[in-house]
Protein chains: 2
Amino acid sequence: MERSTRQRSAIRTVLEAAARPLSPQEIHAGVQVSVPEIGIATVYRNLKLLLDEGEIQSVTLPGENARYEAARLAHHHHHHFHCTQCDRVFEVEGCPGPMHDLAPAGFTVVRHDLTLYGTCAECAGAAVAAPAKSRGHGHRH
Amino acid sequence: MERSTRQRSAIRTVLEAAARPLSPQEIHAGVQVSVPEIGIATVYRNLKLLLDEGEIQSVTLPGENARYEAARLAHHHHHHFHCTQCDRVFEVEGCPGPMHDLAPAGFTVVRHDLTLYGTCAECAGAAVAAPAKSRGHGHRH
DNA sequence: CTACGTGCAAAAAGTTTGCAATCGC
DNA sequence: GCGATTGCAAACTTTTTGCACGTAG
């Protein structure tokens with residue numbers, strides 16, 4: 001049976017408190033504040049477990065590693081906005097509508113993912129204050 | 001100056017011959033047919049080089065490692081269809097149109113990626129012949 | 001007490017890099 | 001000949017797994 005452990009609770013707490021999808025590393029760092037001895041493996045094991053239970057959802061964007069968010073914080077059908085400057089991911093409400101007929105004849109569209117790229121409001125504002133455009137964060141891998 | 005090597009030519013050939021985006025591993029395997037001693041590092045180095053030159057493009061789908069295709073085979077603005085049964089990726093022509101106003105106020109949309117998921121025509125046909133649905137290919141990582 | 005959970009370290013998988021040998025030009 | 005390029009192995013990153021110990025119920 002599933003037990004209640006300090007580490008699992010802390011992971012839940014961090015995810016509930018986040019306003020956006022978090023990477024396993026961000027979650028690990030966040031949990032270490034309250035449970036310093038937690039290992040990254042425990043984070044991964046719990047993410048998988050919570051995912052199976054449907055308590056959290058994974059957010060996978062093109063070319064990025066998976067992020068995770070509490071399912072109850074995720075809106076129904078939504079998409080994501082990826083700020084190319086601060087590298088954060090936001091949910092966006094809208095959807096261009098059903099795209100069942102974009103696919104060639106014979107293809108069945110079950111689901112779709114849409115990712116918008118650009119500059120978030122915060123970074124757009126910062127750009128005014130500090131017009132020096134630094135190219136990305138160079139975070140490879 | 002850039003030299004013409006057997007390995008680089010072979011990589012170009014494999015990409016040109018492919019009807020779909022290929023993973024570095026698929027490219028490596030394909031090139032080994034004509035240049036057996038090629039190492040995977042050479043594949044990666046050349047992919048990066050060809051990418052910088054704009055000769056090829058990378059196709060990054062959510063949760064997947066990058067695939068590559070010859071730029072001249074890629075259509076202008078297009079999106080991708082990922083068959084969840086055979087795991088192959090196809091290009092689709094259409095686009096639901098500009099989605100600049102999906103993002104919250106203050107956000108600027110520069111680009112977008114759309115991925116459709118479902119069953120390709122071939123797999124849909126095969127399903128009729130062999131209705132047994134096998135759950136995915138289990139390719140993790 | 002006992003099975004589930006954890007920490008740690010090692011293993012996988014994918015990608016990058018250092019280095020000496022090789023080969024195009 | 002010289003420098004771009006390669007093969008190999010080692011390094012690195014992210015995620016998974018083995019194992020002995022810890023702990024919730």
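All of these numbers come straight from a predicted model, not from anything done at the bench. So you know, we letter chains A, B, ... as the sequences are listed, proteins then strands, and number each from 1.
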### Whole-Å distance separating the CG atom of A/L49 from the C1' atom of C/dT6
13 Å
### Task
Tell me which residues in residues 27-35 of chain A put a heavy atom below 4.0 Å from DNA chain D, sorted by number, or none.
none
### Message
Test of understanding: clusters of I, L, V, M, F, W, Y form through side-chain heavy atoms closer than 4.5 Å, transitively. Do B/L114 and A/F81 belong to the same one?
### Response
yes
### Message
Just to verify, what does B/R20 make a salt bridge (Lys or Arg N to Asp or Glu O under 4.0 Å) with, not counting sequence neighbours?
### Response
B/E26
### Message
Distance check needed: C/dT17 C1' versus B/L47 CG, whole Å only.
### Response
16 Å
### Task
Under the salt bridge (Lys or Arg N to Asp or Glu O under 4.0 Å) rule, collect the residues that match up with A/E93, sequence neighbours excluded.
none
### Message
Keeping B/R8 on the side-chain end and B/R3 on the backbone end, is there a donor-acceptor pair under 3.5 Å?
### Response
yes
## Note on the structure
Under a 4.0 Å heavy-atom criterion, the protein footprint on nucleotides 17-25 of chain D, written with B, S and -, is BB---BBBS
### Task
Look at the side-chain N and O atoms of B/Q7 and state whether any lies under 4.0 Å from the OP1 or OP2 oxygen of D/dG7.
yes
## Note on the structure
On DNA chain C, more 5' by nearest nucleotide between A/I38 and B/Y68 is A/I38
### Query
Rounding to a whole Å, what distance do you find between A/L50:CG and C/dC4:C1'?
15 Å
### Query
In terms of hydrophobic clusters joined by side-chain contacts under 4.5 Å, are A/V92 and B/V109 together?
yes
### Query
Between B/I40 and A/R8, which has a closest nucleotide on DNA chain C that is more 5'?
A/R8
Donor-acceptor contacts, no H, no angles, side chain residues 53-63 of chain B, under 3.5 Å, sequence neighbours left out:
{"unit_1": "B/E55", "atom_1": "OE1", "unit_2": "B/R12", "atom_2": "NE", "d": "3.4"}
{"unit_1": "B/E55", "atom_1": "OE1", "unit_2": "B/R12", "atom_2": "NH2", "d": "3.2"}
{"unit_1": "B/E55", "atom_1": "OE2", "unit_2": "B/R12", "atom_2": "NE", "d": "2.3"}

### Message
Rounded to whole Å, please give me the gap between CG in B/N65 and P in C/dA12.
### Response
19 Å
### Query
Linking I/L/V/M/F/W/Y whenever any side-chain heavy atoms sit under 4.5 Å apart, do B/V89 and A/L102 land together?
no
### Task
Rounded to the nearest angstrom, tell me the gap between atom CD in A/Q25 and atom P in D/dT16.
11 Å
### Distance-only polar pair, side chains of B/H79 and A/H112, donor-acceptor under 3.5 Å
no
### Message
I'd like to check the side chain to side chain contact (heavy atoms under 4.5 Å, CB included) partners of A/A10; sequence neighbours left out, ordered by chain and number.
### Response
A/V31, A/S34, A/V35
### Task
Please state how far atom CZ in A/R12 lies from atom C1' in C/dG5, giving the value in whole angstrom units.
13 Å
